[in-house]
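Below is one structure, written out as structure tokens, with a few remarks after it.
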Amino acid sequence: MRYLPLTESDRRSMLATIGAASVDDLFRDVPMAARHSGPIPELPGHMGELEVERLLGSMAARNLAAGSCPSFLGAGSYRHHVPSTVDYMIQRGEFLTAYTPYQPEISQGTLQVLFEFQTQVALLTGMDVANASMYDGATSCSEAVKMANRITRRKKAILSGGLHPHYRDVTTTDAAFTGFDAVTLPPDAFGGEDLAGMVDAQTSCVVVQYPSVFGRIYDYTELAKSCQAKGALLIVVVTEAVSLGLLTPPGDMGADIVAAEGQSFGNPLNFGGPYVGLFACKEKYVRQMPGRLCGQTVDADGKRGFVLTLSTREQHIRREKATSNICTNSGLCALAFSIHVSLLGEEGLAGLARLNHAKAVQLAEKLAGVKGVEVVNDAFFNEFTVKLPKPAAGVVETLAQRRILAGVPASRLFPGEHPDLLLVAATETNTDSDMDAFAQALAEVL
Amino acid sequence: MNNQGRPTAIPAPTSAAGDTVTGNRGLRIEEPLIFEQDSPGRCGVDLPALPDVGLRLGPVKPRGSIGLPGLSEPQVVRHYTRLSQKNYAIDAGLYPLGSCTMKHNPRLNEKMARLPGFADVHPLQPESTVQGALALMDELAHWLKALTGMPAVTLAPAAGAHGEMAGMMAIRAALEHRGEGARKRVLVPESAHGTNPATAAAIGYSVDPIPATAEGRVDLEALKAKLGPDVAAIMLTNPNTCGLFERDIIAIAEVVHAAGAFFYCDGANFNAIVGRVMPAELGIDAMHINLHKTFSTPHGGGGPGSGPVVFSAALAPFVPVPYVRKDGDRFVLVEREGEGGTAYGRMKAFHGQMGMFVRALSYMLSHGADGLWQASGDAVLNANYLMARLNDVMTAPFEGPCMHECLFDDRFLKGTGVSTLDIAKALIDEGFHPMTMYFPLVVHGALLIEPTETESKDALDQFVTALRALAERAKTGDAAWFQAAPRFTPRRRLDETAAARKPVLRWAPEPERLEAAE
Ligand SMILES: Cc1ncc(COP(=O)(O)O)c(C=O)c1O
């Protein structure tokens with residue numbers, strides 16, 4: 001086996017050093033009933049690289065790669081162009097094959113990356129501080145609610161109907177087991193939620209999404225004030241981080257915590273994971289944050305360096321009193337995010353966001369021209385909702401047969417509701433001809 | 001400076017020996033923060049032309065400046081290359097972090113995960129366009145079930161701790177289903193990883209520690225005494241965090257089940273037994289498997305991971321969504337439980353860590369049943385070899401044989417003034433990543449060494465030589481020398497107390513500019 005360096009003679013001499021008769025002998029503490037006498041018969045034997053490539057390649061070939069056709073899916077996962085530098089850099093063994101930076105003297109690379117990542121996330125969200133990543137946006141969202149519960153010592157979270165239903169479900173699952181109330185609202189496809197009016201003395205937080213899962217854009221400044229006036233926190237969820245390059249950041253609206261998905265920067269679609277949860281908040285709440293934090297300090301020679309810090313919040317120190325049980329996070333995805341953001345810089349990121357919006361405006365105009373199609377949103381970033389004269393799921397399936405990935409039917413996210421609504425996203429990867437092909441095919445199938 | 005930018009005179013030596021003009025030392029290069037390399041107007045990407053259309057942002061204004069620095073692509077490449085060179089990695093050397101399983105990360109797995117048919121697939125594409133992805137998930141599930149003998153598995157959790165959460169939620173859901181929701185106590189050995197008590201507490205259980213025997217295993221009698229009608233589960237790591245197999249595990253499962261409780265097994269150490277020992281035969285109800293340990297998906301400086309959980313028949317109905325079901329020759333992704341379903345909810349957005357699934361399956365296929373058998377055997381052999389070769393100069397709290405990792409305490413350092421931490425830092429100067437320090441907590445000054453099966457005997461021998469020399473040097477009472485280690489690293493020991501007392505968690509423009517002006 002190509003990954004195993006020991007030879008038979010190594011094994012023999014090592015067993016002699018140990019004083020054991022065989023490797024099996026080393027397993028003598030294992031009850032016989034649970035031990036195999038040899039390799040598991042129902043699994044195949046080892047394979048060379050060539051055979052593995054053939055086998056996995058044939059599975060990959062049974063999927064329609066989004067980049068091989070016009071594709072307009074979003075709803076929490078966005079296809080952006082990732083500069084070649086990103087994937088090259090994250091495959092450097094020094095980043096890829098290191099563990100969590102427990103020994104800072106030989107992990108300054110990872111630690112400085114985390115410090116820069118935390119700064120980038122804080123700048124993008126307009127918040128004071130950010131952590132070193134969570135699993136994904138949905139778990140960030142649920143952790144944010146639990147943090148708000150700790151801070152306010154209250155137990156009722158109000159989840160907007162504009163929140164991505166997976167984020168909602170992760171939070172309500174947590175609520176059911178952790179013992180807090182998560183009040184959910186119906187899908188907010190057309191606007192009109194009165195969240196401020198629902199905040200009461202038991203409310204720990206209101207969770208809104210910006211832009212919403214239907215692509216709607218609200219200014220949450222007044223909502224933040226209403227929450228805070230009643231001692232509740234405002235949690236703003238962002239699933240399309242590129243929007244932060246164009247829209248007023250949540251921090252400027254008064255958000256207390258921002259929970260976001262960072263996949264759009266540096267990370268491919270990956271059929272949904274791994275992604276990278278972003279988590280940012282006001283400085284005064286930092287000791288209630290979940291997850292790892294990297295901080296600046298000095299070394300024995302007085303030179304600037306970085307370490308993991310405030311770990312008395314974490315499971316390895318606080319055990320059952322930890323703010324969260326998270327240990328492994330999304331380090332490498334955070335690195336990819338950070339490199340992409342570094343390449344873009346101020347100008348590139350603003351430009352990319354502006355371009356995404358412009359593409360979506362173009363697409364909305366083209367789709368509005370298709371007979372029977374109505375664009376629901378007036379305002380949006382790079383994703384919006386359209387109303388079709390037929391069930392969207394069937395239309396999407398038909399268009400997929402014609403190799404056009406038309407968007408996400410609202411009914412996929414909210415089973416049984418809004419069968420005629422379709423969520424459509426455009427990014428810098430969509431060309432004019434992609435959009436024309438989509439509009440034309442849509443006209444043909446409606 | 002002369003006009004080529006070179007100094008015209010050799011600078012006078014300054015206080016610290018080895019100082020240079022730049023602060024660099026040969027290949028060891030000082031690298032400022034990316035924010036300190038800003039040049040407004042520079043950009044590392046060229047974007048397509050912006051269509052001439054107006055804004056449709058409704059009530060929200062376009063934001064002002066973000067505050068990000070501008071750099072060109074070559075500057076960005078250099079920045080991250082230089083940073084990477086300040087990291088130790090398994091690619092570069094032995095990384096014997098106990099419990100973390102730092103084994104070789106085959107590049108084939110990276111290549112497979114990057115096939116456009118896996119990496120460039122949107123999670124919400126129509127099912128008909130993702131049959132290969134669902135087939136891969138089904139195949140991975142098949143391997144995990146075959147390797148554990150367990151009838152069900154969820155692939156949803158994003159890491160080990162997340163898997164613990166999924167498993168413990170299933171246990172609570174099952175208890176509530178049979179009307180025993182009042183069980184609120186979870187038994188956790190004192191040697192457990194911090195995520196175990198944190199998980200149990202996070203979902204509303206009280207955590208009751210169970211003590212260990214002098215042999216480093218669960219005290220069966222103490223466990224029996226703690227069991228009662230209010231106990232929901234035991235969370236037990238096996239092989240345990242002392243690197244030992246829980247000899248009484250079948251008896252433990254029996255008494256736990258007899259008390260009406262469930263047996264959660266932390267499978268972070270599955271690497272020791274994969275392909276050789278069948279967890280289903282041990283009486284386990286749920287066990288997470290860290291694909292980023294046993295199945296070699298890279299740790300990436302902290303993540304991502306993937307923590308599938310296998311379930312017994314009793315817990316199988318209580319899995320989270322989504323899961324893959326086979327319908328004839330088609331795969332169906334069940335994203336929402338139907339009427340009367342018992343799935344308890346959702347762990348994360350979308351369907352799990354697909355990128356990790358591809359890597360793990362690539363690893364499994366490469367090894368095959370025979371390779372896995374050999375791999376766990378070699379992992380255990382390597383650890384026992386280290387134990388045998390270090391035992392006389394260091395102190396092992398428990399009798400062997402050990403499984404995939406060997407544990408020492410700090411009795412061999414008694415009276416020397418040298419601590420476990422000092423040994424770790426001195427090992428860094430010898431070119432090794434240290435072992436896990438101060439974990440498990442049940443052993444004083446623990447040093448937990450996990451070599452893994454992908455180390456050669458030569459690498460182990462070199463490590464042994466270094467560690468033996470350090471242990472012997474410590475006994476000569478050279479504490480000051482140890483405390484000054486490491487010396488040859490990009491940074492010396494860092495002041496963690498100062499970092500926590502006045503946290504600086506991000507770069508900020510103002511103070512930096514002031515500093516520069518000084
Ligand atoms: C014994 C044990 N349990 C649980 C975990 C948690 O796993 P993860 O870091 O993937 O969340 C770890 C790893 O750190 C571990 O070593």
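Throughout, a chain's letter reflects where its sequence line sits, starting with A, and its residues are numbered from 1. These numbers were taken from a predicted model, which means no experiment stands behind them.
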*Taking atom types as modelled, find out whether A:T110 and B:N87 have a side-chain donor-acceptor pair closer than 3.5 angstrom.*
yes
**Prompt:** A:E53 and B:K111: salt bridge (Lys or Arg N to Asp or Glu O under 4.0 Å), yes or no, with the steps?
**Reply:** CA-CA 9 Å; A:E53 286 184 21; B:K111 185 176 174 186; 3.1 Å; yes
Check: [X] side chain, [Y] main-chain N or O, donor-acceptor pair, under 3.5 Å:
| X | Y | value |
| --- | --- | --- |
| A:H166 | B:F350 | yes |
| A:N63 | B:G132 | yes |
| A:T248 | B:K61 | yes |
| A:H357 | B:R56 | yes |
| B:N384 | A:L26 | no |

Please work out which of the three classes, parallel, tilted or perpendicular, describes the rings of A:Y3 and B:H104, given edges at 30° and 60°.
tilted
Exercise. Kindly confirm or rule out a cation-pi arrangement of A:R92 over B:Y80, judged by NZ or CZ under 6.0 Å from the six-membered ring centre and within 45° of its axis?
Key: no
Of B:Q353, B:E281, B:E31, the largest count of non-hydrogen pairs under 4.5 angstrom with chain A goes to B:Q353
Hits for salt bridge (charged side-chain N to carboxylate O under 4.0 Å, His left out) against B:R63, two or more places apart or cross-chain, chain-then-number order -> none
The side chain to side chain donor-acceptor pair (under 3.5 Å) partners of A:E105 (sequence neighbours excluded) come to B:K425
